[in-house]
Amino acid sequence: MSTTTDKPGERLPYLISKLKAPRIAERLDQTASSARENSWSYEQFLETLLEAEVFARDASGTRNRIRHASFPANKSLEDFDFTAQPAAERPLIQHLAQLAWVTEHANVCFFGPPGTGKTHLAIALAIRACQEGHRVAFATAQQWIDRLEAAQHSNSLDQELKRLERYGLLVIDEIGYLPLERQAANLLFALIARRYERGSVIVTSNRGFEAWGEILGDQMVAAALIDRLVHHAQIIALKGKSYRLKDRGSQVKPTDQAAGLRPSA
Ligand code: ADP
Ligand code: MG
């Protein structure tokens, strides 16, 4: 039992060992001195400590890395129909699945109309990266911007960008679905500029680079961003009709009938 004679923090080693959090035990003293020196908030101190533990645990398993990446769906190269999308050349995609490019901090860009498999291939490659032990984070461009805006509002944009350097691969999905405000475009630029030669990104977009000036609302920002993105990058332009509409119109699939859907739904 704690008594008034206990020094503050005296029971921490015991409490931390009860939580089975050895990384917190290891880093407690050093993190506490950094916090004092740099006048961190309580939240920042706790976050730094918890992150050390959480990341170390994540590193111990693909399953955890995949969960941590927050993919919107589970997609694999095995369930990608390459005959339906000849623009995604199987040997090239299989080469990318070896992930040398992630080790080299290079990038992959998928372009193409909606439903052509951009997000599918991005997730499939990113899951491979999780399996190979890379830390991965997936979000749409808008979600990345929201996250960076929140960091900026709490004066921690630089810290957040630095924190993201711990990830081997970031997926930025759906650049170009909506035109961006100036501030949002600057944040997207900051994210990609920070990744340059430090870590990899996969970006997907339904608009070609020629339209990015319009999306970002500024030709110079777009040019500078594209320059960093493509310096070391594989660019893949998917083509054709949406896979979502495949086989629709001409026939009703049995599953659609079962669900009471019309072919055009
Ligand atoms: P995009 O991101 O280009 O809009 P998605 O990757 O989200 O398209 O694809 C839409 C849906 O169709 C997803 O469920 C995806 O798994 C599936 N899909 C797309 N292309 C293929 C393909 N070639 N083989 C198998 N499934 C595909
Ligand atoms: Mg998509």
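Sequential numbering from 1 along the given sequence is applied to the chain's residues. The analysis underlying the following values was restricted to heavy atoms, covering all of them including side chains, and did not include hydrogens, waters or symmetry mates. Counting starts at 1 for both ligands and their atoms, in listed order.
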Between [X] and [Y], do the side chains contain an N or O donor and an N or O acceptor separated by less than 3.5 Å?
| X | Y | result |
| --- | --- | --- |
| Gln152 | Gln183 | yes |
| Gln131 | Arg128 | yes |
| Gln85 | Asp81 | no |

Quick one: do [X] and [Y] make a salt bridge, cutoff under 4.0 Å?
| X | Y | value |
| --- | --- | --- |
| Glu197 | Arg228 | no |
| Arg194 | Asp158 | yes |
| Glu165 | Lys162 | yes |
| Lys118 | Glu174 | no |

Nitrogen or oxygen atoms of [X] and ligand 1 under 3.5 Å apart:
| X | value |
| --- | --- |
| Gly117 | yes |
| Gln85 | no |
| Phe82 | no |

Item to check | side-chain hydrogen bond (donor to acceptor under 3.5 Å, both in side chains) between Thr119 and Asp173, worked out | outcome: CA-CA 7 Å; Thr119 302; Asp173 197 27; 3.0 Å; yes
Which residue and non-hydrogen atom of the protein lie closest to [atom], and at what distance in Å?
| atom | value |
| --- | --- |
| atom 23 (N) of ligand 1 | Asp81 O, 3.0 Å |
| atom 6 (O) of ligand 1 | His120 N, 2.8 Å |
| atom 26 (N) of ligand 1 | Tyr243 CE2, 3.2 Å |
| atom 3 (O) of ligand 1 | Lys118 NZ, 2.7 Å |
| atom 7 (O) of ligand 1 | Arg244 NH2, 3.3 Å |
| atom 2 (O) of ligand 1 | Thr119 OG1, 2.7 Å |
| atom 4 (O) of ligand 1 | Gly115 N, 2.7 Å |

Next on the checklist: Show the atoms of ligand 1 that are less than 4.0 angstrom away from any heavy atom in Lys75.
Outcome noted: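 Matching atoms, with element in brackets: 13 (C), 14 (O), 15 (C), 16 (O).
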Checklist entry - In terms of atom number and element, which parts of ligand 1 are under 4.0 angstrom from non-hydrogen atoms of Pro114? => result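 Every atom of ligand 1 under 4.0 Å from some heavy atom of Pro114: 4 (O).
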Next on the checklist: Using every non-hydrogen atom in the two residues, find where Ala211 and Arg207 come nearest and quote the distance to one decimal.
Outcome noted: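 Scanning both residues, the minimum pair turns out to be CB-NH2, 3.3 Å.
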Checklist entry - When you look for heavy atoms under 4.0 Å from ligand 1, do you find them on the side chain of Glu174, its backbone, both, or neither? => result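 It is neither part, as no heavy atom is under 4.0 Å.
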Checklist entry - Using a heavy-atom cut-off of under 4.0 Å, does the side chain or the backbone of Leu238 touch ligand 1, or both, or neither? => result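 Answer for Leu238: neither.
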Next on the checklist: Any N/O/S atom from Thr204 (main chain or side chain) under 2.8 Å of the Mg ion (ligand 2)?
Outcome noted: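 No, outside the cut-off.
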Next on the checklist: Using 30° and 60° as the class boundaries, would you call the ring planes of Tyr196 and His232 parallel, tilted or perpendicular?
Outcome noted: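 If you compare the ring of Tyr196 with that of His232, the planes turn out parallel.
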Checklist entry - Mind checking whether Phe80 and His120 have parallel, tilted or perpendicular rings, split at 30° and 60°? => result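 Geometry flag for His120 against Phe80: perpendicular rings.
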Next on the checklist: Looking at ligand 1, would Ile123 count as a contact under a 4.0 Å heavy-atom criterion?
Outcome noted: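 No; Ile123 lies far enough from ligand 1 that no heavy-atom distance drops under 4.0 Å.
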Checklist entry - Is there a heavy atom of Thr116 sitting under 4.0 angstrom from any atom of ligand 1? => result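 Contact present.
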